Amino acid sequence: MNNKVEVPNHIGLIMDGNGRWAQERGFARTIGHKTAVATLKDLCIYMADLGVRYASLYAFSTENFKRDNKEVDFLMNLFMNVFNKEFNFVKEKKIRVLFSGRREPLPNNVLKSMDKIVEETKNNNDLVLNICLNYGSHAEIIDTAKKLCNMYKNGEIELKDITEDFFQRNLYHDLPPIDYVIRTSGELRLSNFMMYQASYAEFYFPKVYFPDFNRKEFDKALEEYNNRDRRFGGIK
Ligand code: IPE
Ligand code: IPE
Ligand code: MG
């Protein structure tokens, strides 16, 4: 391997293990979510500085609504506060924020904080942060299929227009494929995260819980990425 470290163009980050991080320290799970915010902020700044162009962050899955109301309410409030008060760094770092996921049944105050940050950062073009909130791959693929059916019904497209490229561009956002999926906490699954976009991604499953996934851990992830041999079905 040469010394120049290649940075993935699009990183998918499944930020898992907040609850266990807190529980192992005798704290309430909510403390883990709070600590994760500080970790995430620093990581975003680091990714921007390293020249990562796209980062998709799994913040809340469509399945996470199965958790008890208290935890869901806590998370919704946390999201709102973070987007309203703790996301000044995105403006300083010229980061553009997008959201992927269904708006229903997110509370209005959360939706308002999301819309505001999207509007305020829409002209930024360094790192694109795609925050997956109330996100599920199944929902995304179904929603895209419905969108294309409506376009067809309205005579805007013909069947032959539905190519892989066209389908991809009509997902929640027109993003490049994910190169590297990192899931913290040692779980070896996708949990409904960006299945379409991650079809040729490399995967990395560090054991550390997300609140401990600092710059040093990120460097280790990058080193591992640089050892991978990506072939995309071809021969090398
Ligand atoms: C990830 O941490 C954050 C969300 C899913 C919102 P968890 O809350 O899943 O933490 P663990 O996996 O239970 O430790
Ligand atoms: C996936 O983590 C969702 C997020 C990290 C936001 P979960 O903790 O919800 O996933 P499972 O339930 O362990 O598969
Ligand atoms: Mg979890």
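Atoms within each ligand, like the ligands themselves, are counted from 1 in listed order. Predicted, not measured: the structure shown is a model, and the values here were computed from it. Positions are given from 1 along the sequence.
Y58 contributes atom OH, which lies 13.5 Å from atom OG1 of T184 (distance to the nearest 0.5 angstrom). Rounding to the nearest 0.5 angstrom, the gap separating the CG atom in D143 from the CG atom in L148 is 11.0 Å. Atom CG of L57 is separated from atom SG of C132 by 7.0 Å, given to the nearest 0.5 angstrom. Here F193 contributes atom CZ and S137 contributes atom OG; the two are 8.0 Å apart, rounded to the nearest 0.5 Å.
Salt bridge present: E119 and K122 bring a charged side-chain N and a carboxylate O closer than 4.0 Å. Salt bridge status for R53 with D179: absent, with no side-chain N to carboxylate O gap under 4.0 Å. A salt bridge is absent between E223 and K220; no separation between the charged side-chain nitrogens and carboxylate oxygens falls under 4.0 Å. With salt bridges taken as basic N to acidic carboxylate O contacts below 4.0 Å, none links D219 and R215.
Under 2.8 Å from the Mg ion (ligand 3), one finds the following protein N/O/S atoms: D16 OD1.
Residues that satisfy the side chain to side chain contact (heavy atoms under 4.5 Å, CB included) test with I142, not counting sequence neighbours, are R102, K146. Among residues two or more places apart in sequence or in another chain, the side chain to side chain contact (heavy atoms under 4.5 Å, CB included) test is passed with E187 by D16, R20, R183, S185, R189.
Numbered from 1 in the order shown, with element, the atoms of ligand 1 that lie under 4.0 Å from a heavy atom of H33 read 3 (C), 8 (O). Short contacts between ligand 1 and R29, defined as distances under 4.0 Å to a heavy atom of the residue, involve ligand atoms 7 (P), 8 (O), 10 (O), 13 (O).
At a heavy-atom distance under 4.0 Å, no atom of Q23 approaches ligand 1.
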(message) As a quick check of understanding, evaluate side chain to side chain contact (heavy atoms under 4.5 Å, CB included) for L106 and M114, giving each step before the final call.
(response) CA-CA 11 Å; L106 294 175; M114 291 161 60; 4.1 Å; yes

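For ligand 2, the protein residues placed under 4.0 Å by at least one non-hydrogen atom are I14, M15, D16, Y58, A59, F60, N64, R67, R183, R189, S191.
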